[in-house]
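The block underneath contains the structure these notes are about, expressed in structure tokens.
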Amino acid sequence: MPDVGEGLTEAEILKWYVQPGDTVTDGQVVCEVETAKAAVELPIPFDGTVHELCFPEGTTVDVGQVIISVNVGGGAPPAPAAPVTESVAAQAVPAEPVAEEEDEPQGRQPVLVGYGVAAGSTKRRPRKASGDTAPAAAPVSVPEQLNGHAAGAGRPLAKPPVRKLAKDLGVDLATVVPTGPDGIITREDVHAAAAPAPAPAVEAPVPAPAAPVQAPAPVAAPAATPAAETPGASPGARETRIPIKGVRKATAAAMVGSAFTAPHVTEFVTFDVTRTMKLVEELKSDKDMAGLRVNPLLLIAKAVLVAVRRNPEINAAWDEAAQEIVLKHYVNLGIAAATPRGLIVPNIKDAHAQTLPELSKSLSELVATAREGKTTPAAMQGGTFTITNVGVFGVDTGTPILNPGESAILAVGAIKLQPWVHKGKVKPRQVTTLALSFDHRLVDGELGSKFLADVAAILEQPKRLITWA
């Protein structure tokens with residue numbers, strides 16, 4: 001399992017496209033996996049015949065674990081191995097252990113997706129002369145792997161994600177008592193070692209202050225329930241449990257972190273967009289926009305880009321470690337998209353430099369890719385400003401939560417025909433409401449208000465797209 005996105009430690013196998021006995025070629029997609037960021041198709045870097053699928057669909061696999069082996073010789077492939085059971089899958093370990101930070105290797109194995117698995121200090125077993133089976137990541141038996149691992153400087157046995165957890169919690173693995181098979185340290189062992197020793201004299205009052213932190217626990221509880229034990233609602237069932245994983249799990253964690261890290265402020269403006277709606281209709285028949293999708297979101301996106309140019313400080317990020325505000329001289333415009341796997345925010349790279357036809361094409365491609373579930377992790381990285389269009393659901397407005405790493409997000413409400421005072425008379429006009437949430441550490445009330453007022457002014461009088469550009 002390659003690292004298909006910087007820092008990811010695991011992925012779920014969604015679908016196998018091949019079976020034991022199938023012929024594969026270098027670069028052929030063999031499976032689809034879902035990470036915390038997106039669904040990704042994985043190609044195989046070999047020509048040959050599939051020997052074994054090491055994990056069934058629906059299994060979450062750590063980065064570095066062997067997921068498929070391929071017979072690369074011209075002879076008949078060996079008989080397919082028996083299906084992987086839960087107990088066997090639970091004991092599987094990476095074929096090539098990742099060295100700890102002080103022993104970081106100089107390079108990584110070349111793979112077709114992601115960064116590959118860090119090269120370990122152990123050597124692969126020599127290939128037998130009578131057999132040509134070449135695993136995608138050199139599988140070895142569990143005892144052999146563990147013995148080799150133990151022989152290497154006597155380090156405690158633990159998978160890379162567990163080592164990272166121990167480092168984050170400040171736990172020395174040498175002091176942890178392992179409970180996993182063959183002496184492997186598990187996540188539970190690390191958490192147990194990190195827990196403070198019980199103190200009977202003060203045990204009673206301790207839980208009280210921790211209650212607010214534990215409040216969200218019921219929401220995340222389904223994540224601990226194995227997928228095999230979470231069937232759909234049966235007739236007469238009063239509850240259905242849905243595992244929280246993949247994109248939805250990552251989004252939940254990011255939103256909680258954003259909401260309680262960045263001090264949010266939200267401002268609203270309601271205004272007349274009748275002229276913008278007329279311009280949308282005119283552009284639909286413009287020959288320069290032929291074959292392109294023209295809708296209100298396109299002009300709203302363009303208005304945001306013009307307003308960013310007039311108020312560049314809104315396009316920034318807060319660097320906590322360096323205690324600096326980072327001004328971005330480019331706009332990677334994020335568009336929140338609801339998908340069956342959860343909310344994702346892909347972004348249009350360098351949207352500030354695109355013409356209106358180019359922006360229309362980029363928006364259409366972004367939405368189509370998201371709906372097909374093909375958005376890549378790279379497409380969701382590096383965003384600087386986000387638009388979320390809640391108006392498509394008939395909602396007037398909302399208080400959006402910042403996309404992590406960004407300073408502002410704009411929520412677009414439904415555009416409705418309403419009575420409005422226009423030139424001294426009450427007339428039916430197209431009206432909408434925008435809501436701007438911003439990080440008050442780097443965007444003060446004046447800047448946030450000026451930016452929001454500029455967006456509204458452009459959409460009230462869209463000729464400002466030209467005069468202010």
Report yes if some heavy atom in the side chain of [X] is under 4.5 Å from a heavy atom in the side chain of [Y]; otherwise report no.
| X | Y | result |
| --- | --- | --- |
| H440 | H264 | no |
| Y17 | E32 | yes |
| P20 | L53 | yes |
| V345 | I335 | no |
| L42 | V29 | no |
| T339 | R371 | no |
| E460 | V273 | no |
| V30 | V24 | yes |

TODO: Just do the ring-ring contact (aromatic ring centres under 6.0 Å, His included) check on F438 and F385 with the steps written out, would you?
DONE: CA-CA 10 Å; F438 51 87; F385 189 98; over 10 Å; no
- [ ] Evaluate the criterion salt bridge (Lys or Arg N to Asp or Glu O under 4.0 Å) for residue pair K284 and E281; output intermediate values, then yes/no.
- [x] CA-CA 5 Å; K284 287 180 179 180; E281 295 304 316; 3.4 Å; yes
Hey, are [Y] and [X] close enough side-chain-wise for a donor-acceptor pair under 3.5 Å?
| X | Y | value |
| --- | --- | --- |
| E406 | T384 | no |
| D396 | T433 | no |
| T266 | S437 | yes |
| T59 | E12 | no |
| D22 | Q19 | no |

Return the [atom1] to [atom2] distance between [X] and [Y], rounded to the nearest 0.5 Å.
| X | Y | atom1 | atom2 | result |
| --- | --- | --- | --- | --- |
| L434 | I300 | CG | CD1 | 6.5 Å |
| L299 | L356 | CG | CG | 6.0 Å |
| E358 | D350 | CD | CG | 11.5 Å |
| T60 | E10 | OG1 | CD | 5.5 Å |
| I348 | Q354 | CD1 | CD | 6.0 Å |
| I458 | T276 | CD1 | OG1 | 9.5 Å |

Open item on the list: Using a 6.0 Å distance limit plus a 45 degree cone around the ring axis, check whether R310 lies over the aromatic ring of W468.
Closed with: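 Yes, R310 sits over the ring of W468.
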TODO: Only one of V308, N332, L333, L327 passes side chain to side chain contact (heavy atoms under 4.5 Å, CB included) with N315; say which it is.
DONE: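 Result for side chain to side chain contact (heavy atoms under 4.5 Å, CB included) with N315: V308.
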TODO: Using modelled atom types only, decide if a donor and an acceptor are shared between the side chain of E282 and the backbone of L279 within a distance under 3.5 Å.
DONE: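 Checking the backbone N and O of L279 against the side chain of E282, no donor-acceptor pair under 3.5 Å is found.
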TODO: Apply the test salt bridge (Lys or Arg N to Asp or Glu O under 4.0 Å) to residues E41 and K15: give CA-CA distance (whole Å), side-chain angles for both, the deciding distance (0.1 Å), then the verdict.
DONE: CA-CA 9 Å; E41 292 181 331; K15 184 177 182 179; over 6 Å; no
Open item on the list: Quick test of your reading of the model: are E313 and K328 salt-bridged, counting only N-O distances below 4.0 Å?
Closed with: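 Between K328 and E313 there is no salt bridge, as every charged N stays at least 4.0 Å from the carboxylate O atoms.
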